[in-house]
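Below is one structure; the comments refer to it alone.
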Amino acid sequence: MRLPEPRLPALRGGPTLRWGVLAPGAIASAFATSLHGFSDQRITAVGSRTLDRAEAFARSHGIPTAYGSYEALVASSDVDIVYISSPHSFHRPLAELAIAHGKHVLIEKPIAPTAADAEAIAQSARAAGVFAMEAMWSRFQPWVDVADQLIADGALGDVAFVSAEVGRYFPFDPAGRLFEPSLAGGALLDVGIYAAWCALHFAGVPSLISAQGEFTRTGVDAQSTAVLRGTDGVHATISSTLLAFTPSQASVSGTSGRLTVDGRFPMPNPLSVYDADNRLVARYEDTTGLVGHDALVREASWAAIHVAQGLTEAPQHPLEASIAQLRVTDEIAKQLAASRG
């Protein structure tokens with residue numbers, strides 16, 4: 001089988017933006033390293049609640065300007081777009097702050113803790129006419145575009161079943177972000193959002209959801225599994241856990257074959273293609289050289305391209321996709337809460 005080439009953004013020589021980072025932390029550091037190491041995009045400013053923290057981040061990544069408040073950064077005339085990397089519970093207020101100052105926004109996944117919050121962000125961005133996108137980096141991995149083209153060409157026949165699970169082990173820390181209810185902690189929104197994205201991307205929006213799960217002592221979800229049923233009969237299963245380091249694999253199965261990601265699917269990994277008799281017929285190898293969080297650069301490069309095109313949403317991952325994911329996680333969270341009595 002001849003495999004299609006992935007359609008990837010130009011990392012060098014294409015449109016560039018002046019980036020501002022709000023709430024510098026671990027993922028913001030990975031984002032900055034990726035942008036500066038693999039693209040022409042540049043971070044021109046960083047803003048934090050404390051100037052010391054902003055200055056330390058700026059020194060680490062060669063960023064010229066540091067601000068000791070979020071308000072100062074979004075007011076800067078040297079920033080075109082703001083990357084928001086705070087805990088989920090702060091995504092909406094920070095996004096609305098940046099949008100109110102006319103800034104484009106790229107918001108870490110999940111775009112917000114709830115679908116209602118995501119809808120509010122979308123409404124603000126659309127009213128202001130600025131570009132807004134969830135930083136769902138898994139959407140922009142090369143294997144996804146190869147899979148999309150194969151499915152569109154009929155290589156799998158009719159998609160019937162999608163499976164996606166993500167898990168990492170985190171020692172219980174009642175003071176940690178992942179275990180803190182006020183910070184929208186829990187497995188579902190931290191790693192399960194990847195599984196929700198995968199299921200909706202390949203199986204469509206579900207009409208029925210059935211979920212079961214377990215909770216930590218602080219009351220956030222420790223792990224859960226949900227079965228999703230689409231209106232056309234396509235089924236999907238999604239699972240997430242904070243209790244174990246799982247394979248974090250994804251597969252898409254159809255009447256004529258299946259696709260399996262050979263590794264942790266949110267990351268850049270190979271893709272294997274099997275026929276209806278479960279024989280391996282092709283394997284896509286990621287030859288881009290971007291491994292792990294290096295691949296964060298793609299979401300930023302696509303954002304720059306779309307802004308240059310005059311778009312306010314990404315065609316590959318529009319705001320409605322982010323909202324739909326959260327409608328699913330909202331329903332799962334509701335069912336888990338009900339199961340506790």
Side-chain angles (χ1 to χ4, degrees), residues 9 14-24 27-28 31 35 41-47 67 69-140 184 189 193-194 196-197 200-201 205 296-330:
T16 59
L17 294 171
R18 298 172 300 173
W19 290 80
V21 170
L22 283 186
I27 191 62
F31 181 81
L35 258 64
Q41 309 295 324
R42 286 296 175 267
I43 299 172
T44 57
V46 55
Y67 294 106
S69 74
Y70 300 142
E71 292 78 9
L73 183 140
V74 299
S76 171
S77 60
D78 294 326
V79 170
D80 301 314
I81 186 168
V82 175
Y83 171 66
I84 297 169
S85 54
S86 66
H88 326 318
S89 50
F90 298 105
H91 285 182
R92 177 180 172 180
L94 290 182
E96 290 178 337
L97 176 68
I99 291 167
H101 284 78
K103 306 301 185 188
H104 307 297
V105 288
L106 177 65
I107 308 163
E108 252 311 321
K109 61 80 195 167
I111 195 171
T114 68
D117 288 323
E119 288 169 347
I121 292 171
Q123 289 171 4
S124 295
R126 289 163 181 162
V130 300
F131 179 84
M133 186 177 85
E134 178 185 37
M136 180 58 74
W137 73 312
S138 54
R139 169 63 185 89
F140 303 102
L189 287 180
I193 196 70
Y194 290 124
W197 160 76
L200 269 65
H201 183 76
V205 176
L296 289 170
V297 69
R298 290 197 185 98
E299 62 195 16
S301 296
W302 275 122
I305 290 168
H306 295 324
V307 169
Q309 292 170 332
L311 302 180
T312 55
E313 297 189 32
Q316 312 96 318
H317 192 60
L319 293 173
E320 187 53 42
S322 302
I323 295 167
Q325 291 162 192
L326 288 167
R327 291 191 184 114
V328 169
T329 56
D330 283 352

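Side-chain atoms are counted along with the backbone in the values below, which use heavy atoms only and exclude waters and symmetry mates.
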Residues forming a side chain to side chain contact (heavy atoms under 4.5 Å, CB included) with A132, sequence neighbours excluded =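 A132 satisfies side chain to side chain contact (heavy atoms under 4.5 Å, CB included) with V105, A125, L319 only.
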Under the side chain to side chain contact (heavy atoms under 4.5 Å, CB included) test, residues paired with P9 that sit two or more places apart |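 With neighbours one apart ignored, the set is L11, R298, S301, W302, I305.
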Test side-chain hydrogen bond (donor to acceptor under 3.5 Å, both in side chains) applied to H306 and Q316, E313, H104, the passing residue |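 That would be Q316; it is the only one of Q316, E313, H104 passing the side-chain hydrogen bond (donor to acceptor under 3.5 Å, both in side chains) with H306.
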Is E119 salt-bridged to R126, cutoff N-O under 4.0 Å?
->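 Salt bridge flag = no for R126 with E119.
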Would you find a donor on one side and an acceptor on the other, under 3.5 Å apart, between the side chain of [X] and the backbone of [Y]?
| X | Y | answer |
| --- | --- | --- |
| D330 | A115 | yes |
| H91 | P110 | yes |
| Q41 | L35 | no |
| T44 | R18 | no |
| K109 | S322 | no |

How many angstroms lie between CD1 in I84 and CD1 in I121, if you round to the nearest 0.5 Å?
->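 That separation rounds to 7.5 Å.
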Should [X] and [Y] count as side-chain neighbours, where that means a heavy-atom distance under 4.5 Å?
| X | Y | value |
| --- | --- | --- |
| D117 | L326 | no |
| L17 | F131 | no |
| F31 | S85 | no |
| M136 | I193 | yes |
| P15 | V307 | no |
| Q325 | H201 | no |

